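Labels below follow one simple rule: chain letters A, B, ... track the order of the sequence lines, proteins then strands, and each chain is numbered from 1. Computed from a predicted model, the values in this text were never measured in an experiment.
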Number of protein chains: 2
Amino acid sequence: MGELDKKRELIVESAIKRFSHFGIQKTTMNEIADDISVTQPALYYYFPDKMTLVIAVVERIMNQYFEELHKCMDGLQSLDEEFYCILTLRKKFMERYFMLKLTEATQEVGQIHDSCQPIMKKAHIKEAAFVTGLLEKAVNNGSISKIDPHKMSGLYIDVLTGLSMFVFITKNKKLFPGNEEFEAILTKQEEFTKVFISGLKTSK
Amino acid sequence: MGELDKKRELIVESAIKRFSHFGIQKTTMNEIADDISVTQPALYYYFPDKMTLVIAVVERIMNQYFEELHKCMDGLQSLDEEFYCILTLRKKFMERYFMLKLTEATQEVGQIHDSCQPIMKKAHIKEAAFVTGLLEKAVNNGSISKIDPHKMSGLYIDVLTGLSMFVFITKNKKLFPGNEEFEAILTKQEEFTKVFISGLKTSK
DNA sequence: ATCTGACCTTTTTTATAATTTGGTCAAAAA
DNA sequence: TTTTTGACCAAATTATAAAAAAGGTCAGAT
């Protein structure tokens with residue numbers, strides 16, 4: 001890793017910290033510049049604009065997610081275990097990066113968030129493909145019936161996301177969701193997963 | 001029905017029309033007064049404030065929903081048919097009364113919407129109880145396994161609502177959702193319902 | 001190749017005035 | 001007595017303009 005990439009890393013790390021805590025909108029390029037003890041124009045030597053930096057940050061987070069996803073999946077056998085692992089990891093990342101509003105439960109439509117859309121879509125497809133893989137394995141196992149893995153993985157992830165939004169919107173009268181909200185989400189998702197897997201065993 | 005109630009009806013009907021089209025916030029008491037050809041203070045003889053009128057409107061809508069729900073349920077046998085009927089009716093009402101934002105997919109927290117919360121909660125409980133009844137019947141039928149009807153009905157409705165929010169938030173870049181969005185919601189809900197019912201047959 | 005100070009333009013914030021809206025009340029009309 | 005009105009008020013909303021802050025550029029220093 002060259003000196004240039006090393007500095008880029010430094011910038012991204014500072015950005016992740018500030019974005020996670022204050023949100024993207026409330027973080028200025030000046031603050032990030034101060035963090036790494038350079039003037040603000042120096043930042044623009046490494047990232048042409050804020051949008052590019054945001055994308056780099058989101059990309060890094062999603063990569064980390066998939067890295068941990070593969071790691072925690074190690075040694076698991078049943079679909080139940082695997083799905084539970086996904087739910088837990090999702091909760092972890094949702095709590096950690098809630099302020100980035102990547103699932104944009106709000107509709108403060110900044111062009112910044114629009115720029116994240118392609119990368120989030122890519123991540124969504126990747127995650128769906130991963131779940132599809134798990135389902136295909138289970139089908140071949142014979143542990144579930146011959147459903148359409150692609151279709152079912154999409155449905156599964158959409159419901160998970162939908163349940164998150166449901167809890168955030170209906171129970172989130174406070175400014176920020178607390179541990180209770182994240183726990184409520186996980187509980188609902190677990191309940192759903194149980195029935196869902198049962199359904200996959202006999203469906204069609 | 002006395003003369004007083006008749007006029008109240010008139011006011012509520014005008015309010016429903018304007019609320020459905022322009023939303024609650026963008027409808028003024030003056031406009032409603034004009035609709036029924038009286039001055040604005042006359043309105044306050046029938047409803048002490050706007051909040052009370054809004055509640056009357058929402059109550060009327062929910063009553064209509066449950067009335068139609070019972071009606072369209074007539075003669076249906078299987079859980080599949082009954083759930084499909086619910087989905088269709090939900091779509092109908094969601095399309096018709098979207099502008100009231102009763103599920104508040106937005107977080108424009110007006111005290112007006114807060115005042116609707118109790119009545120919406122009541123309606124939610126009522127709907128959940130209704131679905132619970134369907135599930136109990138199915139359990140006694142033997143058409144599904146001995147699950148917890150109360151818990152499963154809550155889960156089912158939460159997922160339905162979550163899927164609505166999911167589509168609205170992720171696909172609604174336009175100001176208003178169109179027919180495509182409502183269709184997308186219905187499709188997802190149908191797919192989910194299929195697996196869900198399968199799951200109920202073998203769960204636990 | 002990396003960084004800075006000076007500079008520019010566009011957004012966002014702030015402060016303030018104008019308007020609208022929800023709501024009240026004494027008195028008139030029915 | 002029941003219903004409606006015109007006149008009125010206070011709070012919320014909107015409109016406008018000024019001030020500040022933000023993103024971004026660039027020639028030149030290191």
Side-chain angles (χ1 to χ4, degrees), chain A residues 1-16 18-19 21-58 99-101 106-116, chain B residues 1-16 18-19 21-58 99-101 106-116:
Chain A
M1 182 160 68
E3 202 64 36
L4 191 136
D5 286 320
K6 215 175 273 181
K7 204 110 195 198
R8 272 215 182 88
E9 258 312 291
L10 221 60
I11 295 171
V12 168
E13 260 162 46
S14 161
I16 285 189
R18 294 201 104 98
F19 289 170
H21 195 96
F22 301 106
I24 296 173
Q25 313 267 11
K26 289 206 177 294
T27 298
T28 72
M29 296 297 270
N30 257 308
E31 290 165 342
I32 295 172
D34 284 348
D35 284 348
I36 61 168
S37 304
V38 292
T39 55
Q40 185 242 39
L43 240 53
Y44 288 87
Y45 177 75
Y46 297 95
F47 294 95
D49 50 34
K50 191 179 184 180
M51 200 188 80
T52 309
L53 174 57
V54 169
I55 289 176
V57 164
V58 175
M99 286 304 290
L100 275 89
K101 318 233 165 179
T106 67
Q107 50 230 79
E108 32 176 294
V109 217
Q111 65 213 61
I112 292 250
H113 281 90
D114 286 353
S115 66
C116 290
Chain B
M1 181 159 67
E3 203 63 35
L4 191 136
D5 285 321
K6 215 175 275 180
K7 204 109 192 199
R8 272 215 183 89
E9 256 314 290
L10 220 61
I11 296 171
V12 168
E13 261 163 44
S14 160
I16 286 189
R18 292 202 105 95
F19 288 169
H21 195 97
F22 301 106
I24 296 173
Q25 313 266 13
K26 288 207 176 294
T27 299
T28 72
M29 295 298 267
N30 256 309
E31 290 165 341
I32 295 173
D34 284 347
D35 284 348
I36 61 169
S37 302
V38 293
T39 55
Q40 185 241 38
L43 240 54
Y44 287 86
Y45 177 75
Y46 297 95
F47 294 94
D49 50 33
K50 190 179 183 181
M51 201 188 78
T52 310
L53 175 57
V54 169
I55 289 176
V57 164
V58 175
M99 285 304 289
L100 276 90
K101 317 234 164 178
T106 67
Q107 51 231 75
E108 32 175 295
V109 215
Q111 66 212 60
I112 292 249
H113 280 91
D114 286 352
S115 66
C116 291

Rounded distance (Å) that lies between atom [atom2] of [N] and atom [atom1] of [X]:
X: A:F22; N: D:dA22; atom1: CZ; atom2: C1'; value: 17 Å
X: B:Q25; N: C:dT20; atom1: CD; atom2: P; value: 18 Å
X: A:N30; N: D:dG23; atom1: CG; atom2: P; value: 7 Å
X: A:I36; N: C:dT2; atom1: CD1; atom2: P; value: 13 Å
X: B:I24; N: C:dG22; atom1: CD1; atom2: P; value: 12 Å
X: A:D34; N: D:dG23; atom1: CG; atom2: C1'; value: 15 Å
X: B:E3; N: C:dA30; atom1: CD; atom2: P; value: 16 Å
X: B:D49; N: C:dG23; atom1: CG; atom2: P; value: 5 Å

Distance check, rounded to the nearest 0.5 Å: [X] atom [atom1] versus [Y] atom [atom2]?
X: A:I11; Y: A:L53; atom1: CD1; atom2: CG; result: 7.5 Å
X: B:Q25; Y: B:T27; atom1: CD; atom2: OG1; result: 9.5 Å
X: A:R18; Y: A:E31; atom1: CZ; atom2: CD; result: 4.5 Å

Look at the side-chain N and O atoms of [X] and state whether any lies under 4.0 Å from the OP1 or OP2 oxygen of [N].
X: A:K7; N: C:dA1; answer: no
X: B:Y44; N: D:dT5; answer: no
X: B:K26; N: C:dT21; answer: no

Considering only side-chain heavy atoms of [X], which listed nucleotide, [options], is closest?
X: B:T28; options: C:dT4, D:dT5, C:dG22; value: C:dG22
X: A:K50; options: D:dT4, C:dT24, D:dG24; value: D:dG24
X: B:Y45; options: D:dT4, C:dT2, C:dT4; value: D:dT4
X: B:Q40; options: C:dC3, C:dT24, D:dT25; value: C:dT24
X: A:P41; options: C:dC3, D:dT4, C:dA6; value: C:dA6

Could you pick out which residue, B:L43 or A:M51, lies toward the 5' side of DNA chain D when each is mapped onto its nearest nucleotide?
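Mapping each residue to its closest nucleotide by heavy atoms, the 5'-most match is B:L43.
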
At under 4.0 Å between heavy atoms, what does A:T52 touch on the DNA or RNA strands: base, sugar-phosphate, or nothing?
nothing

By the 4.0 Å heavy-atom rule, please label A:F47 as base, sugar-phosphate, or nothing.
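Contact class for A:F47: none.
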
Could you walk me through whether A:V12 and A:F47 satisfy the side chain to side chain contact (heavy atoms under 4.5 Å, CB included) test, starting with their C-alpha distance in whole Å, then the side-chain angles of each, then the deciding distance to 0.1 Å, before giving a yes or no?
CA-CA 10 Å; A:V12 168; A:F47 294 95; 3.8 Å; yes

A:K50 side chain to A:I24 backbone, donor-acceptor under 3.5 Å
yes

